[in-house]
Participant: 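Here's a structure for you.
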Amino acid sequence: MEPVHPEFVPDPSLSQTEMEALQRNIAEAARFDDDLGFSPDTMARAGDTPDDDQTTLTGGDRTTAPPLVAGVDQAFVDDRAVSAIVVLRNGEVIERVSAVKRTEIPYIPGLLSFREGGAILAAFAELETDPDVVLVDGSGRIHFREAGLATHIGVTLDVPAVGVAKSLLCGTPAQSLEETYPEGTRIPIAADDSVETCPNGTVIGHAVQTRQYDSPNRYINPLIVSPGHRVSASTAADLVEGTADGYKLPEPTRLADSYADEAKAASSDPSE
DNA sequence: GCGACAG
DNA sequence: ATCTTGTCGC
């Protein structure tokens, strides 16, 4: 798939001020409410009975096929970024692609999309499938200008997108994230003074505990989930919870992560 | 000036 | 993100 908004394609040669200006425009074009082509509750998972998705004469419309969910993740080799995309439906891999691109700028908090965005869009250009929603590694609305990596990619491609991060970039959690929470716990993240584009108190995402150990002194940190584009904060959390399958990371993200490592190894293999 | 900051 | 062994727990 190709960019619907070429003017938003991340350009690493821009000045920092120009990058920030572009992010403000992207945040204005972003929709942080649900505009999905499917019902978030049609998320069947691996192991589910296939005929669960057939029509019920008297029930609601259950003819809708489970959505195509894509996971995107990157790996790095020297000055190159390897982006991998894995598309799943019903827990089954439908397609996977990867692309390699040189990184033009270093990692700068708040400007991640200008470092990784090029490789990601190159990978999407290779993708034949049109995913219903994309899970991007990093923040979406939880960003200083509400334009994190997931928002940048989602708006540029005009595809529903969700940000899945392992740590909090900004914003204030309703409860401390230092505690150990049981699976299923969802803690709202509110905008604070560090988020300069929206009122303080706005819920810009959630900490989501997709996995937790049963026993004593070992614990797992929650994921930080936020809307990227065309998804609300609560639906973003629903989608991540609905695609997680026994691991902390949702399946599409987990598979993209390992595929990126494979592609990275292959790209730096002399015998190839 | 200092702190804080996804991957 | 990346560099890596051991260690805990089911």
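Keep in mind that what you see is a predicted model, and the values were worked out from it rather than measured. Chain A is the first sequence line, chain B the second, and so forth, proteins listed ahead of strands; every chain is numbered from 1.
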Participant: Which whole-number value in Å describes the distance from A:R145 CZ to B:dA4 C1'?
Facilitator: 14 Å
Participant: Distance-only, no hydrogens or angles: does the A:R115 side chain make a donor-acceptor pair with backbone N or O of A:I105 under 3.5 Å?
Facilitator: yes
Participant: Counting any heavy atom closer than 4.0 Å, what does A:Y213 reach on the DNA or RNA strands: base, sugar-phosphate only, or nothing?
Facilitator: nothing
Participant: Rounded to the Å, how far apart are A:I189 CD1 and B:dA6 P?
Facilitator: 14 Å
Participant: Take atom CG of A:D79 and atom P of C:dA1, then tell me their distance rounded to the nearest Å.
Facilitator: 19 Å
Participant: Could you verify whether a donor N or O on one side chain and an acceptor N or O on the other, from A:D79 and A:T103, lie under 3.5 Å apart?
Facilitator: no
Participant: For A:Q74 and B:dA6, give me the distance from atom CD to atom P, rounded to whole Å.
Facilitator: 16 Å
Participant: Is the NZ or CZ atom of A:R254 both under 6.0 Å from the centre of the six-membered ring of A:Y259 and within 45° of that ring's axis?
Facilitator: no
Participant: Where the side chain of A:L149 is defined as all heavy atoms beyond and including C-beta, which of C:dT2, B:dG7, B:dA6 is the nearest nucleotide?
Facilitator: B:dA6
Participant: Between A:L22 and A:V9, what is the shortest heavy-atom contact and its length?
Facilitator: CD2-O, 4.4 Å
Participant: Expressed as a whole number of angstroms, how long is the span from A:I220:CD1 to C:dC10:P?
Facilitator: 12 Å
Participant: Could you check whether A:Y107 gets within reach of a base, just the sugar-phosphate, or nothing at all, counting any heavy atom under 4.0 Å?
Facilitator: base
Participant: Sub-3.5 Å donor-acceptor pair from the side chain of A:H152 to the main-chain atoms of A:L111, do we have one?
Facilitator: no
Participant: Give A:L223 one of three labels, base, sugar-phosphate or nothing, depending on what nucleic acid heavy atoms sit under 4.0 Å from its own.
Facilitator: nothing
Participant: Report the distance from atom NE2 of A:H143 to atom C1' of B:dG7, rounded to the nearest whole Å.
Facilitator: 12 Å
Participant: Can you tell me if the side-chain N/O atoms of A:K264 get under 4.0 Å from OP1 or OP2 in C:dT2?
Facilitator: yes
Participant: Starting at CD of A:E20 and ending at P of B:dC5, how long is that distance when rounded to a whole Å?
Facilitator: 18 Å
Participant: A:S194 side chain N/O closer than 4.0 Å to the phosphate oxygens (OP1, OP2) of B:dC5?
Facilitator: no
Participant: If you look at every strand shown and take non-hydrogen atoms under 4.0 Å, does A:S139 touch a base, only sugar-phosphate, or nothing?
Facilitator: base
Participant: Consider the side chain of A:F144, meaning its heavy atoms from C-beta on, and name the nucleotide among B:dC5, B:dA6, C:dT2 that approaches it most closely.
Facilitator: B:dC5
Participant: Rounded to the nearest Å, what distance is computed from the CD atom of residue A:Q212 to the P atom of nucleotide C:dC10?
Facilitator: 13 Å
Participant: What does A:A81 touch in the nucleic acid at a heavy-atom separation under 4.0 angstrom: a base, only the sugar-phosphate, or nothing?
Facilitator: nothing
